[in-house]
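Input: a single structure, listed below in structure tokens.
In what follows, every chain begins at residue 1, and chains take the letters A, B, ... in the order their sequences are listed. Computed over heavy atoms, backbone and side chain alike; hydrogens, waters and symmetry mates excluded.
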Amino acid sequence: MPIALVDCNNFYVSCERVFNPKIARRPVVVLSNNDGCIVSRSNEAKALSIQMGLPAFKIERLLRRENVAVRSSNYALYGDMSQRVMNTLAHFTPDMEVYSIDEAFMDLSGFARSNLTEYGREIRRTVGQWTGIPVSVGIAETKTLAKIANRIAKRSAKVDGVFDLTGSPYREKALSLTDVGSVWGVGRRYAKFLRKHGIKTALDLCRTEDSWVKKHMSIVGLRMVRELRGIPCISMESAPPAKKEICVSRSFGKPVRTLLEMQEAVAAYTTRAGEKLRTEHSAAGVIMVFMMTNRFKDEPQYSRSTVLELPVQTDCTQELIRYALRGTEMIFRKGYGFKKAGVVLSRIVPAGQVQTDLFDTRNRTASKELMSALDDINVRMGRDTLKYAASGLARSWKTRAEKRSPRYTTRWAELPKV
DNA sequence: TCTGGGGTCCTAGGACCC
DNA sequence: TCTGGGGTCCTAGGACCC
């Protein structure tokens, strides 16, 4: 059962380049929210040894000296480009799993008899032509091996972006060239632990005894090792399961010091969480609010959260905000400079299976109609066209994004001009 | 001045039940 | 001296992913 992993190269940077060919040859980086850390790098930027996740302010001089193009994150653009890529991929197989914003697994079972490398090249060519985004394709018997094949496809100049490992005599060779820390499912902690026990490559891990793996890395680790041996243990998920938690949190553009500002921010995050909840057609029974100071600053620290139970599971923003504001008031303390806050919705059920309450006084039909009218308008006219006053107008705490490119594909006013 | 955001799964241990 | 056995449910914490 061959599986392909298609992964966009340097995805955020590639999106920026599609609409701005001038930066096609320059080193480019994209920053996280608040223009904080490096989250995407062009190959030229990687060649300058700019590390993933590095705070941008620490390498300001280097960025200037090397004439690196720096962009804020533009999620509206990346989300839309991602959809275009996924729509394109859907032409090539009936069975695929969108794994993240820039990756998809594709079941190629029906194509086992054809030349998979050739098919991979066609996928790559088509995505490039239709969207402008360069992708790499790795093909193998399991997801974990497809990940490794993809990594080789990206790195080796010889294979030109497509690498098929199915039934390959090179599997052992490929595994021996893969650092154990690069295996899908091995994070920093496990990598350190494994190296300490002399397991340095994917091949070493592949040859480790089941019982040892199970004991030290649980059933999850065992699945991973089996996958390395070519035994599929992680299946394709064509429809994403409903979310069990919905979290919206942000760092503030500047420290928040007053309860009013904090409540505005929490109300705004709750609004977003409610929107997510409704696109899932779900309702939540619990809301958690949290806030924290800046742990990198040598200042008094404070971090707290509180959990509020809703009397009836709901998807109504108004109701969620009321509880969120109450929670905010409970845990807010004056005298601190807050850096970040957020809300987490949980105990989530399908909206149609809400457990009703005999003493419930709310008019649920009316609020349902209100929410769907609100969502309609905001989808059609742009986010926050209508918003709750509780989320504030000035929004002094807003996330910084000083170098954001236009939202070329999702706002009429920002369409590229030719 | 300046350090991201959003998820999932598994396990151990406690509470509780008979 | 000596204090059962087996099960479920829930939560916190730890690991991972992008």
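Judged by distance alone, the side chains of A:T258 and A:E261 do bring a donor and an acceptor atom under 3.5 Å apart. Defined by atom type and a distance below 3.5 Å, a donor-acceptor pair is missing between the side-chain atoms of A:T399 and A:N33.
The distance between atom CE of A:M288 and atom P of B:dG5, rounded to the nearest whole Å, is 15 Å. In this structure, A:M86 atom CE and C:dC18 atom P are separated by 13 Å, rounded to whole Å. Between A:N150 atom CG and C:dC17 atom C1' the separation is 15 Å, expressed in whole Å. Taking atom CG on A:D102 and atom C1' on B:dG7, their separation rounds to 15 Å, with Å as the unit. Distance CE (A:M217) to P (B:dC9): 18 Å, rounded to an integer number of Å. Residue A:K243 contributes atom NZ, which lies 13 Å from atom C1' of B:dG5 at whole-angstrom precision. Distance, A:E237 CD to B:dC9 P: 9 Å, rounded to whole Å. Atom NZ of A:K244 and atom P of C:dC17 are 19 Å apart (whole Å).
For the side-chain contact (heavy atoms from CB on, under 4.5 Å) test with A:E275, the passing option among A:T270, A:N378, A:D315 is A:N378; the others fail. Only one option out of A:N9, A:D160, A:N150, A:D7 pairs with A:S136 in a side-chain hydrogen bond (donor to acceptor under 3.5 Å, both in side chains); it is A:N9.
You'll find the ring centres of A:F105 and A:W184 inside the 6.0 Å limit. For A:F332 and A:F338, the ring centers are positioned less than 6.0 Å apart.
Heavy-atom contacts from other residues, nucleotides or ligands closer than 6.0 Å to NZ of A:K387 number more than 12. For A:R326, the CZ atom is densely surrounded, since the number of other residues' heavy atoms within 6.0 Å is greater than 12. Under a cut-off of 6.0 angstrom, the local environment of CZ in A:R333 is crowded, with over 12 non-hydrogen atoms contributed by other residues, nucleotides or ligands. By the 6.0 Å contact criterion, CZ on A:F193 is enclosed, its count of non-hydrogen atoms from other residues, nucleotides or ligands being greater than 12.
Residue-level contact check: A:K254 touches neither bases nor backbone, having no heavy atom under 4.0 Å from any strand. Among the protein residues, A:I101 comes within range of no part of the nucleic acid, since none of its heavy atoms lies under 4.0 Å from any strand. Backbone-only engagement by A:K147 is indicated by non-hydrogen atom pairs under 4.0 Å involving sugar-phosphate atoms exclusively. Within the 4.0 angstrom heavy-atom criterion, no nucleotide atom of any strand lies near A:V344.
Taking the P atoms as reference points, C:dC18 lies 25 Å from B:dT3, given to the whole Å.
Proximity of residues 261-281 of chain A to DNA chain B (heavy atom under 4.0 angstrom from any strand atom) is restricted to A:K276.
Judged purely by atom type and a 3.5 angstrom limit, A:S182 has no side-chain atom pairing as donor or acceptor with the backbone of A:T178.
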Within the sub-3.5 Å range, which N or O atoms of nucleotides 10-15 of chain C have a protein N or O partner, and how far apart are they?
from	atom 1	to	atom 2	distance (Å)
C:dA15	OP2	A:R189	NH1	3.1
C:dA15	OP2	A:R189	NH2	3.0

Atom pairs under 3.5 Å, N or O on each side, protein against nucleotides 1-4 of chain B: can you list them with distances?
from	atom 1	to	atom 2	distance (Å)
B:dC2	OP1	A:K297	NZ	2.9
B:dT3	OP1	A:K339	NZ	2.2
B:dG4	O4'	A:S32	OG	2.9

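Partners of A:Y408 according to the side chain to side chain donor-acceptor pair (under 3.5 Å) rule, which considers only residues two or more places apart in sequence or in another chain, do not exist here. Listed by chain and residue number, A:E309 satisfy the salt bridge (charged side-chain N to carboxylate O under 4.0 Å, His left out) test with A:R347 (two or more places apart in sequence, or in another chain).
Secondary-structure annotation of DNA chain B gives the stems B:5-18 with C:5-18, with a stem taken as at least 3 successive Watson-Crick or G-U pairs whose two distances both fall under 3.5 Å.
Salt bridge annotation for A:R229-A:D210: present, with a cationic side-chain nitrogen under 4.0 angstrom from a carboxylate oxygen.
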